[in-house]
Amino acid sequence: MSLSSSTAGAGTASNSSLTILIGRILLSVNFFLSGFGKLTAIAGTAGYFGAMGLPVPTATAVIVGLIELVGGLAILVGFQTRIAAWVLAAFTIATALVAHTGWADQNQMIHFLKNVAITGGFLLLASSGPGAYSIDAKRG
């Protein structure tokens, strides 16, 4: 099979499924590690969110941490992948618009554009599905 081959069915393995698996791993690592970090340091995360002017910073920290942790793990293992990808796409673009709009600062512009690119990756995953190497494919 060529690298451009696609999966014939949800449970069919192909080079595309391997590529999708690698993409899922690369997209998920940042999210589940970041979510874990937030959830194990709620006070610090809440303080940072409060300084940014976000409402109810402790609750926001918990919600953000859970979205990142659970969403990242769902993408990693390919469970409810399309839903998780849509949720993380919306979350990532919202994060860009809330936290990275100080475009006069080149670092903020880089973070904004990084989030836009990651959102694109999640939208592709939402469209393509998880590939054969996923819990979703095993469940049919």
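Only a predicted model underlies this, so the values are computations on that prediction, with no experimental measurement involved. Numbers for residues simply follow the sequence, beginning at 1. Because only heavy atoms are used, hydrogens play no part in the values below, and waters and symmetry mates are left out as well, while side chains stay in.
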Over 12 non-hydrogen atoms of neighbours within 6.0 angstrom of OH in Tyr48 | no
How many angstroms lie between [atom1] in [X] and [atom2] in [Y], if you round to the nearest 0.5 Å?
| X | Y | atom1 | atom2 | result |
| --- | --- | --- | --- | --- |
| Thr92 | Leu97 | OG1 | CG | 11.0 Å |
| Leu88 | Leu27 | CG | CG | 9.0 Å |
| Ile63 | Lys38 | CD1 | NZ | 13.5 Å |
| Ile135 | Gln80 | CD1 | CD | 10.0 Å |
| Thr119 | Leu113 | OG1 | CG | 11.0 Å |
| Thr95 | Lys114 | OG1 | NZ | 8.5 Å |

Would you please test Phe122 and Ile75 for side chain to side chain contact (heavy atoms under 4.5 Å, CB included) and show each step? CA-CA 9 Å; Phe122 281 128; Ile75 295 296; 4.0 Å; yes
Testing the basics here: between [X] and [Y], what is the closest heavy-atom pair and its distance to 0.1 Å?
| X | Y | result |
| --- | --- | --- |
| Ala84 | Gly71 | CB-O, 4.3 Å |
| Gln108 | Thr101 | OE1-N, 4.5 Å |
| Leu123 | Ala89 | CD2-CB, 3.9 Å |
| Pro130 | Gly78 | CB-CA, 4.4 Å |
| Ser134 | Arg24 | CB-NH1, 3.8 Å |
| Gly131 | Ile20 | N-CG2, 4.1 Å |

Hydrophobic cluster membership, with links at side-chain heavy-atom distances under 4.5 Å among I/L/V/M/F/W/Y: are [X] and [Y] in one?
| X | Y | result |
| --- | --- | --- |
| Leu39 | Leu73 | yes |
| Ile25 | Leu33 | yes |
| Val116 | Ile110 | no |
| Phe91 | Met52 | yes |
| Ile83 | Ile67 | yes |

### Any side-chain donor near an acceptor of the partner, Thr81 and Asp136, under 3.5 Å
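Side chains of Thr81 and Asp136: pair found under 3.5 Å.
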Subject >> Within-4.5 Å side-chain heavy-atom neighbours: Phe31 and Leu76 >> reply: no
Does any part of the side chain of Leu54, heavy atoms only, come nearer than 4.5 Å to the side chain of Val98, both counted from C-beta?
yes
Can you tell me if Arg82 uses its side chain to pair, donor with acceptor, with the backbone of Ser127 under 3.5 Å?
-> yes
(request) With sequence neighbours excluded, tell me which residues meet ring pair (Phe, Tyr, Trp, His ring centres under 6.0 Å) with Trp103. (result)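 Listed in chain order: Phe112.
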